[in-house]
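Residue numbers begin at 1 in each chain, while the letters A, B, ... track the order of the sequences.
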Amino acid sequence: MKIATFNINGINKRLDNLLEWLGETEPDVVCLQELKATDAQFPRSAVEGAGYGAVWRGQSAWNGVAILARGAEPVLTRQELPGDPSDTQARYIEAAVNGILIASLYAPNGNPQPGPKFTYKLAWMKRLEAHAGELLSAGVPIVLAGDYNVVPEPRDIYPTRSYDDNALVQPQSRVAFAGLLAQGWVDAIREILPGETVYTFWDYRRNRWQRNAGLRLDHFLLSPKVARFLADAGVDSNTRGRPNASDHAPTWIELNGWPE
DNA sequence: ATGGCCGTGAAACACGGA
């Protein structure tokens with residue numbers, strides 16, 4: 001069973017890119033972020049035509065998350081991250097597929113920092129940690145996939161000083177991500193590729209793709225009951241080099257022997 | 001020190017992104 005996460009940066013702007021990648025790689029589950037589409041603008045028939053059932057939560061212009069399942073209908077369990085009823089940003093959706101609870105999340109960017117956006121980022125990560133802890137205590141198979149907007153360690157970014165003041169690399173952001181790992185989640189990409197440099201995002205500016213000046217921002221956190229089945233992981237980085245590409249590349253994990 | 005490249009919404013440029 002292959003599960004992928006892809007910050008699509010506008011699902012309608014990049015629908016052809018998405019369909020091409022789906023056809024080539026045939027993931028069983030896809031977590032999408034940055035739909036930049038309202039609920040009504042979600043390309044339901046195109047996604048269905050590609051053989052995927054879907055649940056989504058859209059928003060005008062920004063954010064927006066979805067979960068796609070090949071030949072199945074995801075069973076929606078949540079459309080918001082608990083802990084702040086006043087937060088209306090579409091950054092979290094959760095559904096059950098093939099006996100695994102899947103979350104597609106889009107953490108706040110947090111720039112500029114310091115400032116209200118960074119405060120919101122850290123508060124959102126606290127809420128995520130609280131919810132993730134609740135989920136873990138249930139003892140069920142869970143995958144938290146998405147754009148965490150955190151560079152976990154210095155080796156997860158190309159050698160540069162230009163990001164020193166960026167929210168993605170601040171100690172508070174890294175502590176938030178490390179706090180999730182300390183709960184017992186497994187960083188699947190790091191687990192499978194422990195010694196390798198892995199990037200999932202390359203800024204559009206300054207030829208960062210051509211220079212491979214990337215960042216690792218898109219992560220899979222696996223609960224122990226899923227981590228036992230983890231067999232492979234990778235980044236479809238060729239997708240980043242195509243015409244009209246998102247600035248993120250699809251990232252994926254493979255579970256062997258699941259469903260049991 | 002700055003802007004650099006994009007998408008959306010709106011109809012020029014503001015804003016968010018990372």
Side-chain angles (χ1 to χ4, degrees), chain A residues 5-19 21 31-43 46 56-66 87-92 104-125 128 146-174 176-177 189 197-219 235 237 239-251:
Chain A
T5 184
F6 190 7
N7 179 322
I8 190 72
N9 188 20
I11 190 169
N12 287 306
K13 174 73 182 173
R14 256 170 271 291
L15 187 55
D16 290 344
N17 302 59
L18 174 65
L19 296 175
W21 168 76
C31 298
L32 296 174
Q33 301 87 34
E34 280 211 83
L35 301 179
K36 295 189 174 179
T38 62
D39 283 338
Q41 291 167 334
F42 186 87
W56 61 91
R57 182 173 165 216
Q59 181 180 336
S60 178
W62 299 305
N63 307 319
V65 285
D87 183 0
T88 57
Q89 299 191 28
R91 295 184 176 276
Y92 188 92
S104 175
L105 65 93
Y106 176 47
N109 170 295
N111 283 301
Q113 72 81 33
K117 292 189 178 173
F118 192 57
T119 303
Y120 172 64
K121 175 192 186 80
L122 297 179
W124 197 93
M125 291 301 283
L128 178 61
D147 179 356
Y148 285 72
N149 266 320
V150 176
V151 174
E153 299 177 66
R155 59 176 160 151
D156 294 313
I157 180 171
Y158 70 102
T160 182
R161 305 229 54 155
S162 63
Y163 277 82
D164 284 0
D165 294 329
N166 197 291
L168 309 181
V169 303
Q170 294 311 300
Q172 301 99 309
S173 305
R174 286 180 167 158
F177 188 77
I189 300 292
T197 298
V198 179
Y199 302 143
T200 66
F201 164 85
W202 298 260
D203 196 291
Y204 287 122
R205 294 169 287 192
R206 293 222 162 186
N207 295 314
R208 293 236 168 83
W209 164 248
Q210 289 82 353
R211 294 162 44 211
N212 193 30
L215 289 69
R216 188 170 78 103
L217 300 179
D218 302 274
H219 309 300
V235 180
S237 49
T239 301
R240 176 63 182 83
R242 291 182 179 172
N244 196 46
S246 169
D247 43 6
H248 293 250
T251 306

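The shortest distance between the side-chain N/O atoms of A:Lys117 and the OP1/OP2 oxygens of B:dG16 is below 4.0 Å. Between A:Arg14 and the phosphate of B:dG7, there is a side-chain N or O to OP1/OP2 separation shorter than 4.0 Å. For B:dG17, the OP1/OP2 oxygens have a side-chain nitrogen or oxygen of A:Arg91 closer than 4.0 Å. Checking the phosphate oxygens (OP1, OP2) of B:dG9, a side-chain nitrogen or oxygen of A:Ser60 falls inside 4.0 Å.
A:Arg216 contributes no side-chain N or O that, together with a main-chain N or O of A:Thr200, makes up a donor-acceptor pair within less than 3.5 Å. The closest donor-acceptor contact from the side chain of A:His248 to the backbone of A:Leu217 lies at 3.5 Å or more, if one exists at all. Proximity of a side-chain donor or acceptor of A:Arg242 to a complementary backbone N or O of A:Asn17 within less than 3.5 Å is not detected.
Here A:Asp165 lies out of heavy-atom contact (under 4.0 Å) with every strand. Contact annotation for A:Asp247: no contact, since no heavy-atom pair falls under 4.0 Å across all strands. Residue A:Asn244 is in sugar-phosphate contact alone, with no base atom involved, counting any heavy-atom pair closer than 4.0 Å across all strands shown. Using a 4.0 Å heavy-atom cutoff across all strands shown, A:Asn111 reaches at least one base atom of the nucleic acid. Counting any heavy atom pair closer than 4.0 Å across all strands shown, A:Arg216 reaches no nucleic acid atom. Looking at heavy-atom distances under 4.0 Å, A:Asp147 makes contact with sugar-phosphate atoms alone, never a base.
Classified by interplanar angle (parallel below 30°, tilted 30° to 60°, perpendicular above 60°), the ring pair A:Tyr158/A:Tyr163 is perpendicular. Using bins of under 30°, 30° to 60° and over 60° for the plane-to-plane angle, the ring pair A:Phe177/A:His219 lands in the tilted bin.
The side chain of A:Gln41 approaches B:dG9 more closely than any other nucleotide in the set B:dG9, B:dC5, B:dG16.
Position along DNA chain B of the nearest nucleotide to A:Tyr204 versus A:Gly110 favours A:Tyr204 as the more 5'-ward residue. Both A:Ala245 and A:Gln89 lie close to DNA chain B; mapped to their nearest nucleotides by heavy-atom distance, the more 5′-ward contact belongs to A:Ala245.
Using P as the reference atom, B:dA10 and B:dC6 are 23 Å apart when rounded to the nearest Å. Using atom C1' as the reference point in both B:dG17 and B:dG4, the two lie 14 Å apart (nearest Å).
Between the P atom of B:dC6 and the NZ atom of A:Lys13 lies a distance of 10 Å, rounded to the nearest Å.
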